[in-house]
Structures are given as C-alpha cells and as structure tokens.
Amino acid sequence: MTTVTVPLYRAAHGRTGDKGDRSNISVIAWHPALWPLLVAQVTPEAVAAQFRYRAPARVQRFLLPKLHAMNFVLDAVLDGGVNDALNLDTHGKSLSFLLLDLRIDVPADLQHLLAGPPEG
C-alpha cells in the first residue's frame, strides 16, 4: 500500500490547555475517515517521543471516538506551571503546535481528505 508521510496538522487540528504543571492537548480529526489512523499512530508513546526534550513524567491518552478526537494529558511539562516557570510560554499554549508537527503515514486512498497543500 502506498502511503505519504505528513505532519499531523494535515489530518487533525488541536487545542491546548493547562492546569499547574500539566498540559492538556486535544487532537481532532479533520475527517472521520482519518480517525482510525490517528488512533493507530498518535499513541502515548509517539507523543512522549515528540515531547522528549520536555521530559514528561507521564503521558495519558483519552479517546473520544464519537467526536473523532483524543485528549492527551502530559504531566510535568510546563517547568513547574505558570507561577514557577521562567519560559515565555508558561501556559504551554504553543505545545499543540509541537504535537501537530508529529509525522504520520497516510494511505493513498485517504490523501484527498488531508487539509492544506501537499508538501513539496
């Protein structure tokens, strides 16, 4: 089967929230037909690897199949949280962009469902 490797943002969009030193990142499929490949490839292990430089203490994934969405909770990735962090993004609002840069493989028959122009 022919596939193309693309950044996750071509197949999904996301939002980020925070509470203390915990980041909450949602991933929502652009199309329901893309949902199964997101479940298969956007795993807690893949997310932990994407955030390895932030060294999350734990990554949990919660699936919301009726919404074609998933929610990730990453512990200890905000440098202590808003009151303790010295970084510029103490709330971690930009972390969804880091996750949406994760590379995924999309079969040829689903490529027409991807958002944005093809890379190249």
Side-chain angles (χ1 to χ4, degrees):
M1 172 174 33
T2 304
T3 63
V4 62
T5 302
V6 299
L8 179 57
Y9 67 79
R10 300 271 324 272
H13 57 101
R15 297 271 312 197
T16 306
D18 66 277
K19 187 61 79 177
D21 198 16
R22 176 178 281 169
S23 183
N24 176 24
I25 306 173
S26 63
V27 175
I28 305 106
W30 286 119
H31 191 279
L34 297 169
W35 169 245
L37 74 100
L38 296 182
V39 172
Q41 295 182 54
V42 188
T43 63
E45 297 77 17
V47 173
Q50 187 76 353
F51 284 87
R52 67 188 164 277
Y53 82 98
R54 305 286 306 228
R58 179 170 67 164
V59 176
Q60 298 176 82
R61 178 177 77 168
F62 301 92
L63 299 177
L64 304 158
K66 290 185 179 182
L67 299 175
H68 307 107
M70 57 184 75
N71 189 53
F72 289 92
V73 178
L74 292 79
D75 290 329
V77 293
L78 297 177
D79 299 332
V82 173
N83 294 328
D84 293 331
L86 298 176
N87 69 48
L88 295 175
D89 184 14
T90 58
H91 291 281
K93 298 297 183 186
S94 65
L95 294 183
S96 64
F97 293 102
L98 177 59
L99 180 53
L100 291 172
D101 201 41
L102 178 76
R103 308 299 282 190
I104 61 169
D105 296 321
V106 179
D109 62 335
L110 295 177
Q111 291 175 22
H112 69 282
L113 301 175
L114 296 174
E119 293 181 341

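Distance check, rounded to the nearest 0.5 Å: CH2 of W35 to NZ of K66 gives 13.0 Å. For the atom pair CG (L74) and CZ (R61), the distance works out to 13.0 Å, reported to the nearest 0.5 Å. Here the OG1-CG distance, from T3 to L37, works out to 10.5 Å after rounding to the nearest 0.5 Å. Taking CD from Q50 and CG from D101, the interatomic distance works out to 6.0 Å, rounded to the nearest 0.5 Å. In this structure, CZ on F97 lies 11.0 Å from CD1 on I25, to the nearest 0.5 angstrom. Here L95 contributes atom CG and F51 contributes atom CZ; the two are 5.0 Å apart, rounded to the nearest 0.5 Å.
L64 is not listed as a side-chain neighbour of M70, based on a closest heavy-atom distance of 4.5 Å or more. For the pair V6/I104, a side-chain contact is recorded, criterion being any heavy-atom separation below 4.5 Å from C-beta on. P7 is not listed as a side-chain neighbour of L102, based on a closest heavy-atom distance of 4.5 Å or more.
At distances below 3.5 Å, not a single donor-acceptor pair connects side-chain atoms of S26 with backbone N or O atoms of G14.
The shortest heavy-atom contact between F72 and V42 is CZ-O, 3.2 Å. Heavy atoms only, all atoms of each residue included: A69 and I28 are closest at CB-CG1, 3.8 Å. Between L99 and L8, the shortest heavy-atom contact is O-CD2, 3.7 Å. Annotation for A76 and A57: closest pair CB-CB, 3.9 Å, computed over non-hydrogen atoms. Shown here for R22 and D75, the closest heavy-atom pair between the two residues is NE-OD1, 2.5 Å. Across A33 and L113, no two heavy atoms sit closer than the pair CB-CD1, 3.6 Å.
The aromatic rings of H13 and W30 lie tilted to each other, with the angle between the two planes from 30° to 60°.
Residues V59 and V73 fall into different hydrophobic clusters, defined by Ile, Leu, Val, Met, Phe, Trp and Tyr side chains chained together at heavy-atom separations under 4.5 Å. The cluster map of Ile, Leu, Val, Met, Phe, Trp and Tyr, joined by side-chain heavy atoms under 4.5 Å apart, puts L38 and L98 in the same cluster.
For the residue pair D105 and T5, a side-chain donor N or O sits within less than 3.5 Å of a side-chain acceptor on the partner.
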